[in-house]
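Worksheet for the structure shown next.
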Amino acid sequence: MPEKQYDHNQIELKWHALWEKADFYKAEENSAKPKFYVLEMLPYPSGTLHIGHIRNYAIGDALARYKWMRGFNVLHPMGWDAFGLPAENAAIANRRPPRDWTLRNIASMKRTHRRFAFSYDWDREIATCEPEYYRWNQWFFLKMFERGLAYRKRALVNWCPKCATVLANEQVVEGCCWRHEDTPVEQRALDQWFLKITAYADQLLEDMRQLEGGWPERVLTMQRNWIGRSEGAEVDFALAAPAAGAIRVFTTRVDTIYGATCLILAPEHPLVEQLLDAPGQARAKAMVDARAGRDPGDIAKEGFFTGHFGLNPYSGEKVPVWVGNFVLMGYGTGAIMAVPAHDERDFEFCTKYGIPVRPVIRPVDGLLDSTPAAAFTEDGVVENSGQWSGLASAEARLQMSAYAQRKGFGNPAITYRIKDWGISRQRYWGTPIPMIHCPACGVVPVPEEQLPVILPERVEITGTGRSPLENVPNFVNVTCPRCGGAAKRETDTMDTFIDSSWYFYRYCDPRNSRMPFDPRKIAYWFEIDQYIGGVEHAILHLIYSRFFTKMMRDIGLIRNSEPARRLFTQGMVIAEGAKMSKSKGNVVGADMLAERFGADTARMFVLFAAPPEKELDWRSEGAEGIYRFLGRVFRFATRNIGRADYPPAGDADRRALRKLHQTLKKITEDFETRWHFNTCISSIMELVNVLYAEEGEISAEPMCAILRHLALMLAPFAPYLAQEIWAELGAEGPVFRQPWPPFDPELAKEDLAEVVVQVNGKLRGRIYTAFGAPEPGLIEAAKADEKVRPFLQDKQVVKTIVVPDKLVNFVVR
RNA sequence: GCCCGGGUGGCGAAAUUGGUAGACGCAAAGGACUUAAAAUCCUUUUCCCGGCAACGGGAGUGCGGGUUCGAUUCCCGCCCCGGGCACCA
């Protein structure tokens, strides 16, 4: 009879169908078991599912299964992309996430994407929308509006001409749109809705201490830099007559203010308009334009004198006011005092235009070297600074900013690099912002009971840069909820990052129609125990969702301050030497792999190719090897289950069992520590190689134990095959609801210790002894070894190093 | 420029605390089975030298130094690749 062949289609279909019904993936509501919430980061809905996503899921999935088997009450809702978390979608995810989110479901995942994620349906040229999906976003928006955390203002914003929409600062990558890496972002002044993430800047920074250890240092550093807190002072330089008023500058080095030899305004600074004549304003405008979309490093510093002067409030000195293209309007006050002696950029600018350089900090011996680069930035002792001379820099800063406050021309100040989150988008898709513009009452929120505000269907996508919703009279024309007069609905929609900021809360209570979620459920499940995703979200999703968490805490919905206790960032997937991305056109789709070899192979191969935190250089040839391996396992199992004739017990049993327990030990330890699944899988391969070699000699009882363990071991990585073997063994139920098998350290032990013999550190031979053999005997045996002897002949042994059970090294002369 | 990673065979990689470098897999070559092919099973495969051979010797983890009985691993200097930040006052 021909041997049964591994047919992944048949196996995966069989168990997939069963698992659909079984509902066993559901986390238990009232469980005595410890809880474990594991979540993979979602792919962006408009993106293609590619190897990077498989990798993300494969890691989380393996971990979730292992945790189940270790007796945790596991919530692992991400099985497909429930990005926008409509109740229905998330409910499915919770109850039966393709649960094992099988790769063969990719087609249906894509459909789900279209249906529930806020994307335009490109196939049908219309958009579908899911009302429940908007409700809670809008509800949160109203809560924030009540608290002043959501506001509208006219602002210069980033504009992507290709998307024809506004972008948040976080979504601008190297001056270009994050989705169109070749399209420079433009600046436009528009009325926009903002969320006041800056109100939480300190908390976002402060709470990172709780995350240390659990989050990668790299991500924390990126967030710290992004928030960019700096302490300093704001100081007013009164304008000399004939101009009136003052220029407020921000500095972290108020101790150097006696060295300030000019003031520089950003070209967009409001004073430019007030102080300058038309040609001057035009020059400033030209600077702004020249800067758009360019790498700041490539732009030479330039500026011009305004004809006006400011008065240094400490020294009374009259200093010229300039406009400079390197001064940023978006940071600090948009104006600086230039201290060329102690700031590299100021130095470059001032020497170019002949503005004097005047040192006011003396380096302190031993603290500073004499290179100017160091003197630019380091602290020292203040000099040539009137009454402050002689103070250490740090002390001078404290006293001088306090003085400014006392005298009323300044104050200590903290500035952040992070800015408020602009969430207005002029796209069709996305949650409508629930606001109404009334000519009489102004901006009026839509009453809570009228939520959700739903997008109209069949909207023409114009791509003109104005919201397509403006052309839908039914949507736009409303009555004002306050005065009942005619009013216009807000047509901007929300950034889709809003949706992803709290989806993982909704997963805990996906069908709640009265609240975003039940706080009690959150109290049980949160914080997320393990969040897994790519590092590319380090300052987008991961900062927004931390902000949302704090906001929800402050409105009393939740108790936790942080969303996730631990974060694992998997390595990027590289193809042809470049990051896999749509714009580079090197995306390897998940479909191909799953279609050809099945979900088990796809998942396992991605894990096998590299350790998860490392970059994965994609080459699909290797998948064949994993497929072959799974076939080997399948055939071994099927032909050895219920065989009529097992050989009698013998040495082979011991060897096979030893390898088994060694493998089990390795996998267990890896899951608990470093997740190097590539070596876990290779150790299973080694085991199978041993099993093939010993196959004919393994007796009945060990064979049965081995097959059982093999199924359990494979369950995290190749659940379908594991389940198939499990069922063939006659066992009931899903294999990964079994307890994870303990390894037996005694069985895992080798009979004899292999002791390496070196002469002068070079390997010359090996001897085999019982474990714990005493040193003298070991040395004798080592000396006596045939391979070693010639190297000791006519030599004097100066020193002998013995590492018990491992190594003997003779140092000879 | 600054801050993180990383550099090991033809390729992906392993070596977990300083102790056998190259596990496991891919690709390649050879063999068995087969009318044949596929599939499967077995063998070889870091480089150089010697040998018909089993085998023996030497070199070798980006480069140059150092510490050590012993270094892919620790230290110093450099080169290259990837990622993040970058007029943030």
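Letters A, B, ... are given to chains in the order of the sequence lines, protein chains preceding strands, and every chain is numbered from 1.
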Spacing between [X] atom [atom1] and [N] atom [atom2], to the nearest angstrom:
X         : N      : atom1 : atom2 : result
Ile418(A) : C85(B) : CD1   : P     : 13 Å
Asp805(A) : U20(B) : CG    : P     : 15 Å
Trp215(A) : C4(B)  : CH2   : P     : 21 Å

Quiz item: For Arg619(A), which contact category applies under a 4.0 Å heavy-atom criterion: base, sugar-phosphate, or nothing?
Solution: sugar-phosphate
Side chain of [X] (C-beta onward), nearest among [options]:
X         : options                : result
Glu621(A) : U20(B), C26(B), A14(B) : C26(B)
Met222(A) : A13(B), G84(B), C24(B) : G84(B)
Arg628(A) : G19(B), A23(B), C26(B) : C26(B)

Quiz item: Is the glycosidic torsion of G6(B) within 90° of 0, making it syn, or is it anti?
Solution: anti
Quiz item: Do Tyr416(A) and Asp202(A) have side-chain atoms, one donor and one acceptor, less than 3.5 Å apart?
Solution: yes
Quiz prompt | Phosphate contact (A15(B) OP1 or OP2) by Arg674(A) side-chain N/O below 4.0 Å | solution = yes
Quiz item: Tell me, do Arg224(A) and Leu205(A) make a side-chain contact under 4.5 Å, heavy atoms counted?
Solution: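 SC-SC contact between Arg224(A) and Leu205(A) confirmed.
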Quiz item: Of all heavy-atom pairs between Thr333(A) and Phe250(A), which one has the smallest distance, and what is that distance?
Solution: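 Minimum heavy-atom separation between Thr333(A) and Phe250(A): OG1-N, 3.5 Å.
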